[in-house]
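Along the sequence shown, residues carry numbers from 1.
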Amino acid sequence: MTNITDFKEAKIGGTVQEYLWNYDNQAIAVAYETRGQGMPLLLLPAFSTVSSRDEMRGMAERLCDRFEVVALDWPGFGDSDRPGVQYGPEFYHQFLADFVRSIFARPVTIVAAGHGAGYAMKLGKTHPQRVSKVVLVAPTWLGPLRIMGVPEPVRDFVRETVRTPGLGEFLYDLNTHPAFLEFMYKQHVFVDPAKLTTEFIAQKRDSTQHPGGRFAPVAFVTGALDLAGDREAVLAQFQPLPVPVKVIIGTLAPSGSLSVMEAVAQLSGVKSARVAGSLGMHEEYAEAVVEAIGDFL
């Protein structure tokens, strides 16, 4: 088997490495990258069709002078292996717990974007000795179809259809067409459409074109990666507060996601800050996000 480090380029300007994770007697190669020196800081990209550690580059560049920054590609996304397993909450929770235990010799601060928030919080709750602080950047809790109110049987049907050969590959190709990606970015990811250049969208599409690329993204889109089904379950993750937490609210995020961010910010012990961005502000406005979390870190 060819190692990830043999052919993958740096995405955050650091050293690309490979973590071999044993899941259900299957070795899954996970790409991660390290840059800088100091206390460890783990950057978790948001789950999305185009999820990649590359979206954390702006933050890594501004933090690597103070921290040993580690950014990873979730299994099923980016440069990591994309096996055709049934992706779900236990899969990713177990991965994150194993990765943190294997890579970091001391407690790590986690900065998690989007849907990575729930997994960072769950790790803090189940393994508080391994997590020193958690920063949640524009956290989300429900997959796109779920937040749109699509019934569970329909979501299950969509997920299984996309997983099938032939038709599933065709549907995935439609979902990753440059025009559709640009549309989604304009809807709820970026604020400034001028940043959605042809080169930017082409790079995002390239990140989706890997063998098995459709399996994990469709799990996210259909809500199979959601850790909490309603607002009460989300808020329960924070009470009692397992580790120090700061939430960065994207004030221009979609109303449904924004209302939950604001509810989290009102909880006892949770620190908060606001940045004029949407769900992709960790990439679009990295400088403002780093400024908002600097004192907390």
### Message
What I'd like to find out is whether the side chain of V50 reaches to under 4.5 Å of the side chain of Y185, using heavy atoms alone.
### Response
yes
### Partners passing salt bridge (Lys or Arg N to Asp or Glu O under 4.0 Å) against R35 (at least two apart in sequence or in another chain)
none
### Query
Can you name the closest pair of heavy atoms from I249 and A265 and give their distance?
CD1-CB, 3.8 Å
#### Entry: Test item: L279 and S257 side chains (from C-beta on) under 4.5 Å apart, heavy atoms
yes
### Summary
Residues T251 and A276: closest non-hydrogen pair is OG1-CA, 3.2 Å
## Note on the structure
Residues at least two apart in sequence or cross-chain that pass side chain to side chain donor-acceptor pair (under 3.5 Å) with D73, listed by chain then number, are R53
### Task
Decide side-chain contact (heavy atoms from CB on, under 4.5 Å) for Q86 and R163; before the verdict, give the C-alpha distance in whole Å, the side-chain angles of both, and the deciding distance to 0.1 Å.
CA-CA 10 Å; Q86 290 288 351; R163 288 181 60 86; 3.5 Å; yes
### Task
List for me each residue that meets side chain to side chain donor-acceptor pair (under 3.5 Å) alongside R231, sequence neighbours excluded, and say none if there are none.
S259
### Query
Out of curiosity, N175 CG to R214 CZ, how far, rounded to the nearest 0.5 Å?
12.5 Å
### Query
For Q37, does the CD atom sit with more than 12 other heavy atoms under 6.0 Å from it, leaving out its own atoms?
no
### Task
Determine which pairs satisfy ring pair (Phe, Tyr, Trp, His ring centres under 6.0 Å) with at least one residue from residues 254-273, sequence neighbours left out, and list them in order.
none
### Query
Does E55 reach the main-chain N or O of S52 with its side chain, forming a donor-acceptor pair under 3.5 Å?
yes
### Query
Is I12 linked to V16 within one hydrophobic cluster, defined over Ile, Leu, Val, Met, Phe, Trp and Tyr using a side-chain heavy-atom separation of less than 4.5 Å?
no
### Message
With a 6.0 Å cut-off (strictly less than), is the heavy-atom count around CG of N22, excluding the residue itself, greater than 12?
### Response
yes
### Query
When hydrophobic residues are tied together by side-chain contacts of less than 4.5 Å, even through go-betweens, does V131 share a cluster with L136?
yes
### Name of the residue among V69, T109, V70 meeting side chain to side chain contact (heavy atoms under 4.5 Å, CB included) with L42
V70
#### Entry: Approximate separation, where rounding is to 0.5 Å, of L267 CG and S272 OG
10.5 Å
#### Entry: Non-hydrogen side-chain atoms of V264 and L235 separated by less than 4.5 Å
yes
### Message
E232: which residues meet the salt bridge (Lys or Arg N to Asp or Glu O under 4.0 Å) condition with it, sequence neighbours left out?
### Response
none
### Message
Let me check something: do F157 and F215 share a hydrophobic cluster, defined by ILVMFWY side-chain heavy atoms less than 4.5 Å apart, either directly or through other members?
### Response
no
### Message
Suppose the criterion is ring pair (Phe, Tyr, Trp, His ring centres under 6.0 Å): which pairs have a residue in residues 35-68, not counting sequence neighbours?
### Response
F47-W74, F47-F77, F47-Y92, F47-Y119
### Message
I'd like to check L123 versus R130 (side-chain heavy atoms, cut-off strictly below 4.5 Å). Are they in contact?
### Response
no
### Task
Any chance you could lay out the salt bridge (Lys or Arg N to Asp or Glu O under 4.0 Å) test for R106 and E68, step after step, and finish with the verdict?
CA-CA 12 Å; R106 50 185 173 178; E68 180 190 48; over 6 Å; no
### Query
Would you find a donor on one side and an acceptor on the other, under 3.5 Å apart, between the side chain of S207 and the backbone of G78?
no
#### Entry: Non-neighbouring partners of E284 that pass side chain to side chain donor-acceptor pair (under 3.5 Å), sequence neighbours left out
none
### SB check E283 K195 (cutoff 4.0 Å)
no
### Query
Under the side-chain contact (heavy atoms from CB on, under 4.5 Å) criterion, do Y172 and T49 qualify, and how do the steps go?
CA-CA 10 Å; Y172 180 69; T49 302; 4.2 Å; yes
### Message
Using 0.5 Å steps for rounding, measure from the CD1 atom of I248 to the CE atom of M261.
### Response
11.0 Å
### Query
Rounded to the nearest 0.5 Å, what separation is found between the CD atom of Q239 and the NZ atom of K125?
8.0 Å
### Intermediate values then yes/no, side-chain contact (heavy atoms from CB on, under 4.5 Å), D192 and Y285
CA-CA 10 Å; D192 184 0; Y285 297 119; 4.2 Å; yes
### Crowding at CZ, F200 (>12 non-hydrogen neighbours, <6.0 Å)
yes
### Query
Within the side chain of T34, is there an N or O that forms a donor-acceptor pair under 3.5 Å with the backbone of T15?
no
### Query
Counting distance only, does the side-chain N/O of K133 pair as donor-acceptor with the main-chain N or O of F296 below 3.5 Å?
yes
### Query
Other than M184, what residues sit in its cluster of Ile, Leu, Val, Met, Phe, Trp and Tyr side chains whose heavy atoms are under 4.5 Å apart, directly or through others?
F180, F183
### Task
Apply ring-ring contact (aromatic ring centres under 6.0 Å, His included) to Y23 and list each qualifying residue two or more places apart in sequence or on a separate chain.
W21, F91
### Message
Any heavy-atom pair between the side chains of R101 and D98 that's under 4.5 Å?
### Response
yes
### Query
Closest approach of P244 and S132, non-hydrogen atoms and distance?
CD-O, 3.3 Å
### Message
Measuring from atom CH2 of W141 to atom CG of D230, what distance do you get when rounded to the nearest 0.5 angstrom?
### Response
12.5 Å
### Task
In sequence, state the C-alpha distance, the side-chain angles, and the governing distance for V100 and V108, and then conclude on side-chain contact (heavy atoms from CB on, under 4.5 Å).
CA-CA 8 Å; V100 168; V108 61; 4.0 Å; yes
### Test side chain to side chain donor-acceptor pair (under 3.5 Å) applied to H210 and D81, step by step
CA-CA 9 Å; H210 296 276; D81 283 351; over 6 Å; no
### Message
With rounding to the nearest 0.5 angstrom, report the CZ to CD distance, F190 to E182.
### Response
12.0 Å
### Task
Go through the structure and list residues passing salt bridge (Lys or Arg N to Asp or Glu O under 4.0 Å) with E160, not counting sequence neighbours.
none
### Query
Do T222 and D156 have side chains that get closer than 4.5 Å, going by heavy atoms?
no
### Task
List in chain and number order the residues that pass salt bridge (Lys or Arg N to Asp or Glu O under 4.0 Å) with K122, two or more places apart in sequence or in another chain; answer none if no residue qualifies.
E90
### Query
With the threshold set at 4.0 Å, does a side-chain nitrogen-carboxylate oxygen contact exist between E262 and R274?
yes
### Task
Please report the shortest heavy-atom distance between I110 and A120, naming the atom on each side.
CG2-CB, 3.9 Å
### Query
Who pairs with Q203 by side chain to side chain contact (heavy atoms under 4.5 Å, CB included), at least two apart in sequence or on another chain?
D54
### Message
Check this for me: K271, atom NZ, are more than 12 non-hydrogen atoms of other residues, nucleotides or ligands nearer than 6.0 Å?
### Response
no
#### Entry: Side chain E33, main chain K11, donor-acceptor under 3.5 Å
yes
### Message
Measuring only between side-chain heavy atoms, which start at C-beta, is S268 closer than 4.5 Å to P240?
### Response
no
### Query
Do R205 and L181 come close enough that some side-chain heavy atom pair is under 4.5 Å?
yes
### Message
For residues F238 and I293: do they belong to one hydrophobic cluster (side chain heavy atoms under 4.5 Å, members Ile, Leu, Val, Met, Phe, Trp, Tyr)?
### Response
no
### Crowding at CD, E291 (>12 non-hydrogen neighbours, <6.0 Å)
no
### Path from M59 to L41 over hydrophobic side-chain contacts below 4.5 Å
yes
